[in-house]
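Below is one structure; the comments refer to it alone.
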Amino acid sequence: MGLRGSGKSSAGRLLAARLGLPFSDLDDLTPAMLGRSSVAEVWNLDGEPAFRAAEARALTHVLDQPPSVIGLGGGTPTAPGVADMLRLAESTGRIVLIYLRASAAQLRDHLHAGGLGDHRPSLTGKDPLQEIDDVLRRRDPLYSGLASVVLEVGELPLESVVDAIMALPKVRAS
């Protein structure tokens, strides 16, 4: 888990490949559950409450499947009931919840460099690149409290992020 731009999808795909597991990206699964093509389309046509409800259903579905690497959406832990679902899954050893943490400036740079800020819905009514400070300030305590491990990704290259995840005893034992 982590904010948009933290590398969840990229690291998740590479981690899944290294572990020989499937990768499930909730930013892809959630819109598909609603017959939409993107997160932005769901937000624009159905609204945030519909998106969050579908996101919770998508997570429940993925958690009921055989082991996989799951990329949560940035706001997945904020969806009604999801934080408790994640806590239960983590406490019973069903998941290792890794928070990919980066500073607001690093997240903004990554989103801007990848052109990703243009395709994300605003969470606060501000420009998606300008709202990162506010969203990080609100979500960091939740993510940190839920995480099995907080990994400072900062400027780490993708390979190094995945190497660090692979080196975690909880991941090797899963």
Side-chain angles (χ1 to χ4, degrees), residues 1-34 36-43 48 51-79 81-83 85-90 94-102 106-108 110-111 113-117 119-121 123 128 132 135-136 139-140 142-154 156-168 170-172 174:
M1 79 180 145
L3 284 180
R4 55 176 69 163
S6 62
K8 300 179 304 286
S9 296
S10 298
R13 283 185 189 91
L14 182 56
L15 179 63
R18 285 197 189 173
L19 293 171
L21 295 171
F23 176 64
S24 299
D25 191 331
L26 291 189
D27 280 344
D28 294 334
L29 295 174
T30 303
M33 287 186 85
L34 295 170
R36 307 288 186 206
S37 62
S38 69
V39 172
E41 183 180 14
V42 174
W43 276 61
E48 181 179 6
F51 179 81
R52 296 292 178 217
E55 195 171 37
R57 287 192 311 273
L59 179 59
T60 298
H61 173 75
V62 172
L63 289 175
D64 287 342
Q65 301 302 308
S68 67
V69 174
I70 304 167
L72 300 181
T76 302
T78 70
V82 168
M85 183 187 324
L86 292 170
R87 281 186 193 98
L88 178 61
E90 199 276 334
R94 290 179 48 220
I95 64 170
V96 176
L97 193 54
I98 301 167
Y99 172 19
L100 302 183
R101 180 193 267 158
Q106 291 162 333
L107 294 165
R108 197 172 9 267
H110 185 251
L111 287 169
L116 300 174
H119 305 293
R120 306 292 174 113
L123 302 171
I132 292 172
V135 176
L136 178 60
R139 290 186 181 169
D140 185 65
L142 174 63
Y143 293 170
S144 296
L146 288 171
S148 308
V149 175
V150 177
L151 182 59
E152 298 289 343
V153 294
L156 286 177
L158 179 62
E159 292 282 338
S160 297
V161 170
V162 175
D163 289 344
I165 294 169
M166 293 286 295
L168 295 170
K170 290 181 177 189
V171 172
R172 288 195 311 263
S174 303

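Quick caveat: nothing in here was measured; it's all calculated off a predicted structure.
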Check side-chain hydrogen bond (donor to acceptor under 3.5 Å, both in side chains) between [X] and all other residues, then give those that pass, not counting sequence neighbours.
| X | result |
| --- | --- |
| S37 | E41 |
| E159 | R18 |
| S68 | none |
| R87 | D84 |

Does some side-chain heavy atom of [Y] sit less than 4.5 Å from a side-chain heavy atom of [X]?
| X | Y | answer |
| --- | --- | --- |
| V96 | I165 | no |
| D140 | R101 | yes |
| F51 | V39 | yes |
| L72 | V82 | no |
| S6 | L107 | yes |

Any chance you could measure [X], atom [atom1], to [Y], atom [atom2], to the nearest 0.5 Å?
| X | Y | atom1 | atom2 | answer |
| --- | --- | --- | --- | --- |
| S144 | R139 | OG | CZ | 13.5 Å |
| L63 | M85 | CG | CE | 7.0 Å |
| L146 | I98 | CG | CD1 | 13.5 Å |
| L3 | H110 | CG | NE2 | 13.0 Å |
| D27 | R4 | CG | CZ | 8.5 Å |
| L59 | I95 | CG | CD1 | 7.5 Å |

Next on the checklist: By the definition side chain to side chain contact (heavy atoms under 4.5 Å, CB included), identify the one residue from D25, L26, T30 that meets it with D28.
Outcome noted: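 Of all the options given, the one that passes is D25.
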
What closest approach, in Å, do [X] and [Y] show between heavy atoms, and which atom pair accounts for it?
| X | Y | value |
| --- | --- | --- |
| R52 | E55 | NH1-OE1, 2.8 Å |
| Y143 | P77 | CE2-CG, 3.8 Å |
| F23 | A16 | CB-CB, 3.7 Å |
| G154 | A102 | N-CB, 4.2 Å |
| V161 | A11 | CG1-CB, 4.1 Å |
| S10 | L158 | C-CD1, 3.7 Å |

Checklist entry - With R94, which residues qualify under salt bridge (Lys or Arg N to Asp or Glu O under 4.0 Å), at least two apart? => result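 R94 satisfies salt bridge (Lys or Arg N to Asp or Glu O under 4.0 Å) with no other residue.
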
Item to check | Listed partners of R36 passing salt bridge (Lys or Arg N to Asp or Glu O under 4.0 Å), at least two apart | outcome: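 Salt bridge (Lys or Arg N to Asp or Glu O under 4.0 Å) check on R36 returns D46.
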
